[in-house]
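Just so it is clear, the values below take in all heavy atoms, side chains as well, and ignore hydrogens, waters and symmetry mates. Values in this document were obtained by computation on a predicted structure and should not be read as measured data.
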Amino acid sequence: MVSIDSTIRESSANALPGLGHALILAGKLGQKSAEEIFRKAQANRTSFIAELTGSGAVSPFDLAHTMSSAFAAPLVDLDAIDAQRLPKGLLDGKICQAYRLVVLSKRDNRLLVATADPSDHEAAEKIKFATRMGVDWIIAEYDKLLKLVEATATTASEAMDNLIGGEFEFGDASLETITESQDSNASEVDDAPVVKFLQKMLIDAVNMRASDLHFEPYEHTYRVRFRIDGELREIASPPVAIKDKLASRIKVISKMDISEKRVPQDGRMKLKVGADKVIDFRVSSLPTLFGEKIVIRVLDPSSAKLGIDALGYEAVEKERLLHAIGRPYGMILVTGPTGSGKTVSLYTCLNLLNKPGVNIATAEDPSEINLPGVNQVNVNDKAGLTFASALKSFLRQDPDIIMVGEIRDAETADIAIKAAQTGHLVLSTLHTNDAPATLTRLRNMGIAPFNIASSVVLITAQRLARRLCANCRTPLEIPPQALLDAGYSAQELEEPWVNYRPVGCAMCNNGYKGRLGIYQVMPISDEIQRIILRDGSTLDIEEQAQREGVRTLRQAGLQKVKLGLTSLEEILAVTNT
């Protein structure tokens, strides 16, 4: 039997960097030699190009000429370049050092950059995000490039000074707190360089469509990472000396206790971008060995107003969901891991239901998206405001629709189910692997089968998968047996379609750009109710759902592959069974 993972790995040859592939195609390097050099580079924690030239497998001269021919890029002799006359300040010296680059000049809105590896899409992306300019590669010999980089690059401290000491234009963007009053300690951390650095990180995160920012202190280093399309990427490495001031600044504008550094805290802040757009941020601090780690979640309220079509439901799944939320009472559950888009899905439904004649109340921990017309309550366990107590209060507030952020315990589940049985539409989330397992999970929480069968009307399980970049995706041949092992039926293989693999370009993140939803939408039919009443297993429910045309998450993901929206490799990863 053909292994799916090995087939994809061999077909796409993702292990070797683009430089290795170019050398193999040019006949300068054998496949086995390239793989051996790559393994040595990983073992020695060096770059592939450094190991390649250092081992003598390819000389810097041959490498430069091969890259110039392969990528149709001009060649330059850096010995003829005067380092003192090169432009300064166009690109952060840390990026130049990390990727071995030298900026030679600027033309209009494009930089001419000397490199030995024009296949390095990550370097091009870094330059693009750092400068907001395009990149034109000029090929140089690697050994000469190293000397020029050392001669022109600034140190990390100097780069940071340039970043936070210069004048920046942020347009109409301004950082504001949720409340009007500032903390009395604000002046203690009102340090201009730190303020500018934080504001730049937040604006960059919004522009790069990041979902989270991580500010992480270590013993001798400090790093900032963004989660973009589900993957963490290191964005900046400011001096470790600013970690306390930066943490304090974030805590002040998030209305957190600046003097308390021993326990985790939560807060909120917002960024005003332009005249009519405000981005909210949820802030969490966590004491670590070498300081406070701060994680900031980007909450864009407009994401809940994109409409159900933007979520990526197939036509049948969308019809099932719309039919369920149109019912006057019952419970709708959305399941999936943290970060799978459950909150956006729930608020998209609430936005459809949010009308002047409807009373909607939500209980969340905390409320992530502000929706006018909806009564939102933040759960506070320390003050005694739990999900259960909030639900009890809602039932005395004449509600039509109730949304519970998460069903965590039997008491909350019991009250929510009773609300669904007494004429209210209840929406909530639960952490389970798929839709059939959700019913068993409720049973394990102590809810009687009759109450589950009579209240739950629909369950949606969901995942987020990375979307292939339409600009650089490349067709990929996958053997039929591998497709069968992945979950396709023999009948589906009779219909021709094109599989794609990620490549990577300056417009995307390693071949992917954005994310798309994968959904398993399971209405609770009469037959599934009978299985619940006789205390059937998850497997019994799953088999019945399949007979009724409910696709598994894997099958839903495979459909996205057939449509060319994502890769088979990505679907196998996010729907691992």
Can a donor-acceptor pair be found between the side chains of [X] and [Y] at a distance below 3.5 Å?
X: Gln555; Y: Gln546; value: yes
X: Asp414; Y: Asn451; value: no
X: Gln544; Y: Asp540; value: no
X: Glu122; Y: Tyr99; value: yes
X: Ser345; Y: Gln462; value: yes

| query | How far does OH of Tyr488 sit from CD of Gln481, to the nearest 0.5 angstrom? | reply | 14.5 Å
| request: Measure the CD1-CD1 distance between Ile402 and Ile415 for me, rounded to the nearest 0.5 Å. | output: 10.0 Å
Counting C-beta onward and ignoring hydrogens, is there a side-chain heavy-atom pair between [X] and [Y] closer than 4.5 Å?
X: Ile532; Y: Arg443; answer: no
X: Tyr313; Y: Thr460; answer: yes
X: Leu246; Y: Phe215; answer: yes
X: Ile296; Y: Leu202; answer: yes
X: Phe226; Y: Asp212; answer: no
X: Arg225; Y: Glu216; answer: yes
X: Glu542; Y: Arg547; answer: no
X: Leu430; Y: Arg441; answer: yes

Can you confirm whether more than 12 heavy atoms, excluding those of [X], are under 6.0 Å from its [atom1] atom?
X: Glu319; atom1: CD; result: no
X: Tyr329; atom1: OH; result: no
X: Arg227; atom1: CZ; result: yes

Only pairs under 3.5 Å count here: list side-chain donor-acceptor contacts from residues 512-522, not counting sequence neighbours, and write none if there are none.
{"unit_1": "Tyr512", "atom_1": "OH", "unit_2": "Ser567", "atom_2": "OG", "d": "2.7"}
{"unit_1": "Tyr519", "atom_1": "OH", "unit_2": "Leu311", "atom_2": "O", "d": "2.8"}
{"unit_1": "Gln520", "atom_1": "OE1", "unit_2": "Ala435", "atom_2": "N", "d": "3.1"}

Which atom pair, heavy atoms only, marks the closest approach of [X] to [Y]?
X: Trp497; Y: Glu495; answer: CE3-O, 3.0 Å
X: Leu558; Y: Ile571; answer: N-CG2, 4.0 Å
X: Ser537; Y: Thr440; answer: C-OG1, 4.4 Å
X: Gly405; Y: Ser428; answer: C-OG, 4.4 Å
X: Glu292; Y: Ala247; answer: OE1-CB, 4.3 Å
X: Leu286; Y: Pro264; answer: CD1-CG, 4.0 Å

| query | With sequence neighbours left out, what residues match Glu548 under salt bridge (charged side-chain N to carboxylate O under 4.0 Å, His left out)? | reply | none
Check whether any side-chain N or O of [X] sits under 3.5 Å from a backbone N or O of [Y] as a donor-acceptor pair, and report yes or no.
X: Asn354; Y: Pro372; answer: yes
X: His424; Y: Ile401; answer: no
X: Lys255; Y: Met269; answer: no
X: Ser285; Y: Gln265; answer: yes

| query | Looking at Tyr500, does the NZ or CZ of Arg473 lie under 6.0 angstrom from its six-membered ring centre and within 45 degrees of the ring axis? | reply | yes
| Only one of Asp398, Asn375, Asp400 forms a side chain to side chain donor-acceptor pair (under 3.5 Å) with Asn359, so which one is it? | Asn375
| If you look only at pairs with a residue in residues 386-395, which of them pass as a salt bridge (charged side-chain N to carboxylate O under 4.0 Å, His left out), with sequence neighbours excluded? | Lys392-Glu411
| field | Under-4.0 Å salt bridge between Glu527 and Arg530 | value | yes
| task | Show your reasoning for whether salt bridge (charged side-chain N to carboxylate O under 4.0 Å, His left out) applies to Arg466 and Glu231. | result | CA-CA 10 Å; Arg466 291 178 294 171; Glu231 288 190 332; 2.8 Å; yes
| task | Apply side chain to side chain contact (heavy atoms under 4.5 Å, CB included) to the pair Cys349 and Leu427, showing each step before the final yes or no. | result | CA-CA 9 Å; Cys349 293; Leu427 289 75; 3.9 Å; yes
